[in-house]
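Before any comments, here is the structure.
Below, all heavy atoms of this structure are taken into account, side chains as well, without hydrogens, waters or symmetry copies.
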Protein chains: 2
Amino acid sequence: MTTKNATIKDVAREAKVSVASVSRVLNGTGGVTPQTQKVVREVAARLHYVPDSAARSLITGRTHTIGAVLPDLYGEFFSELIRGIDLAARARGLHLLVSSSHDGVDDAAAAVRAMRGRVDGMLIFSEYVDAAFLDANLPAALPAVLLNSAVKSARYPVLTIDNRGGASAMVQHLIESGRKRVAFIAGSKTNFDAQQRDKGYRAAMAKFAPDLPLNIVPGDFSEESGYRAGVELLAQKKRPDAVFAANDMMAVGCLMAFKQAGVQVPQEIALAGFDDILIARYVSPSLSTVQVRIADLGRAALERLAALLDPDANTPAPAQTLGCDIVVRETSGGSTGAASTRRPRRPPK
Amino acid sequence: MTTKNATIKDVAREAKVSVASVSRVLNGTGGVTPQTQKVVREVAARLHYVPDSAARSLITGRTHTIGAVLPDLYGEFFSELIRGIDLAARARGLHLLVSSSHDGVDDAAAAVRAMRGRVDGMLIFSEYVDAAFLDANLPAALPAVLLNSAVKSARYPVLTIDNRGGASAMVQHLIESGRKRVAFIAGSKTNFDAQQRDKGYRAAMAKFAPDLPLNIVPGDFSEESGYRAGVELLAQKKRPDAVFAANDMMAVGCLMAFKQAGVQVPQEIALAGFDDILIARYVSPSLSTVQVRIADLGRAALERLAALLDPDANTPAPAQTLGCDIVVRETSGGSTGAASTRRPRRPPK
DNA sequence: AATCGCCATGAAAACGTTTACGTTCCGCGC
DNA sequence: GCGCGGAACGTAAACGTTTTCATGGCGATT
């Protein structure tokens, strides 16, 4: 074994054929005698020949790599998302170039631009993207799929979680289990998910409890903001008998506030969150929540992109909106200690 | 804007210079008149010229990309690790090609081989790697850094968490706070971290409680195995007054067993885990544990690799072993409800 | 028996860079 | 006034593939 890697020429020389034949054999393009194929394969294996991907990319214009631009996501979400993407990518023989943790438009723009020419397509998950951003930073010809974005673009497919339906279903569940005064702890104003969940709450209230007033207190997805919201809710003249937080961390914070005030959950006030993070199962009482299958979102996004990459392959385009499941645990359950129930929901349309 | 991307030739033509000059200007190699530079830069900007990375890689032999091969890691760990790596990589202008979620030697081998030629160096985190694996799958010339591996290799640097020291310090803490009979719930036999934590337990017991017997029950890092271990420990004739689990999930499972049996924590039995996962803070009583700074591990690994990549740059090689901190919470604390205390520890050597 | 056409194969161009080497030009020292 | 050196710049080779096109051989059809 020398220090230099074997090239296609070395293989051709050893196998006493031309480089063209070697290329044909290794790529499965037809037109080569079985016995020639055999010889070439043997020599290639003997020399540990691996095609140089740079040279190949140079001429084919394809990198077999897709880029994922992600924000500095919350841990569990992030890892599940990458996991789903990676799994689907590997199944298709695609490589995954990631760039995570940016806050700020410029940061995100730099990340997108840096991937130019290195990837065949992109998965973009960022609250900073809009139509202008994409026009400015994406090469016109580069396929891309947007995740959880408010952008409505004809050029780029957008995949979202059914935040609205999930939130709506949770409110419905709370009302149907006898709660009347359902309050909502909102998430960050600028966050797309937060906005959708807010809409879901409003829609469900309008539909299932049209004569009851809305009760929305602000939050920012942090545990602290949930705690503050809990305190605020307890101070209200007519306390709610159910609280729905726009994410689990706020629900946990709210729960702490209730515990500290000696308020019984779920006897006096029911509580529910959104995301089904791992903690939800372990706080006591355990937290009812809306489960989002994040890995599925990643997988679906990659498959959508793959469909864009080669339109020939009749890859069916997966659904644009991913459903959420309601997970009923102790904080909204009838009987404490009951096993959690999951209620599958299908996305609309 | 045409459909085709501008090449260096286009820039050269427009700027009325040769491609060589364009290359020189854009790469900062000297030998070009300031005014020529100005013209070239202007034209390049106007045409939105971006050098083709494939062509560049082909001739320079460098990709400015590093590959990370990771196992199907536990969520929080995984995301923190990638985050650390990504941050450090971006600071150095390196791209990050990830391949996660594999179980099995063949799977890992395929992942490593698939990156051949696409990366300048590799970060490998897999319990399947050993010297033979590396010889078989890694090109001889490719720099690589191993994470949390038992491999002792002269060719590849290995970075580890100070599992042993962390475990030892936790046992010391338990003993110093008055516990006598400290039991240990072990992790998977084949796992490197588990082995090291086991050694730490034994070492600390030998040092701080030499006349007390060891008490080790098996586990496999899962919550269920922690629960079973808890039940087993309660059934012992002489119950331990402290239990140290090799990771947090098992500690949580054990805590559930204790709660269910009506055993008071920490009054009757103290409890501690390892990892400081998010849940540790939220179970009640909150869990004392050993915190590992995973993002730092990722960062250090990348910096080590970067140092290998260009030995000229006097990048100081970071420490081989990353320290852990002891986090004292309620399950091992004196007073319930006290704020958590963190005790920084420096790694040995 | 001659021609046609197909099939396996080879030669060479092309992809977009970097870089070694040549060339030109200018200023300076003799 | 001549040569010399160095700076600025251009030419062309090289990187390792894929792919188009040409070529030769051979069997089948007339």
Round to a whole Å and report the spacing from [atom1] of [X] to [atom2] of [N].
X: Leu26(A); N: dT19(D); atom1: CG; atom2: C1'; value: 15 Å
X: Lys9(B); N: dT17(C); atom1: NZ; atom2: P; value: 9 Å
X: Asp10(A); N: dC15(D); atom1: CG; atom2: C1'; value: 13 Å
X: Leu58(A); N: dA13(C); atom1: CG; atom2: P; value: 17 Å
X: Asp52(B); N: dG16(D); atom1: CG; atom2: P; value: 17 Å
X: Arg116(A); N: dG16(C); atom1: CZ; atom2: P; value: 13 Å
X: Asn27(B); N: dG16(C); atom1: CG; atom2: P; value: 17 Å
X: Arg56(B); N: dT17(D); atom1: CZ; atom2: C1'; value: 20 Å

Quick one about [Y] and [X] (side-chain donor to acceptor, distance below 3.5 Å, no hydrogens or angles considered), yes or no?
X: Asn5(A); Y: Arg116(B); value: yes
X: Arg24(B); Y: Gln37(B); value: no
X: Asn148(B); Y: Thr160(B); value: no
X: Asp86(B); Y: Ser100(A); value: yes
X: Arg118(A); Y: Thr65(B); value: yes

Remember a base hit wins even if backbone is also touched, and classify Val50(A) as base, sugar-phosphate or nothing at under 4.0 Å, heavy atoms.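 Sugar-phosphate contact only - Val50(A) comes under 4.0 Å of backbone atoms but never of a base.
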Of the candidate nucleotides dT17(D), dT18(D), dC15(D), which contains the atom at the shortest distance from the side chain of Thr7(A)?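 Looking only at side-chain atoms, Thr7(A) lies closest to dT17(D).
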Does some side-chain heavy atom of Thr7(A) sit less than 4.5 Å from a side-chain heavy atom of Asp52(A)?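 With C-beta onward as the side chain, the pair stays apart.
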Note, Glu14(B) side chain near Leu47(B) side chain (heavy atom, < 4.5 Å):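 With C-beta onward as the side chain, the pair touches.
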Can you tell me if Thr60(A) touches the phosphate of dT18(D), counting only side-chain N or O atoms and a distance under 4.0 Å to OP1 or OP2?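 For Thr60(A), the contact criterion (side-chain N or O under 4.0 Å from OP1 or OP2 of dT18(D)) is not met.
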Starting at the 5' end of nucleotides 6-12 of chain D, put B wherever the base has a protein heavy atom under 4.0 Å, S where only the sugar-phosphate does, and a dash everywhere else. --SBBBB
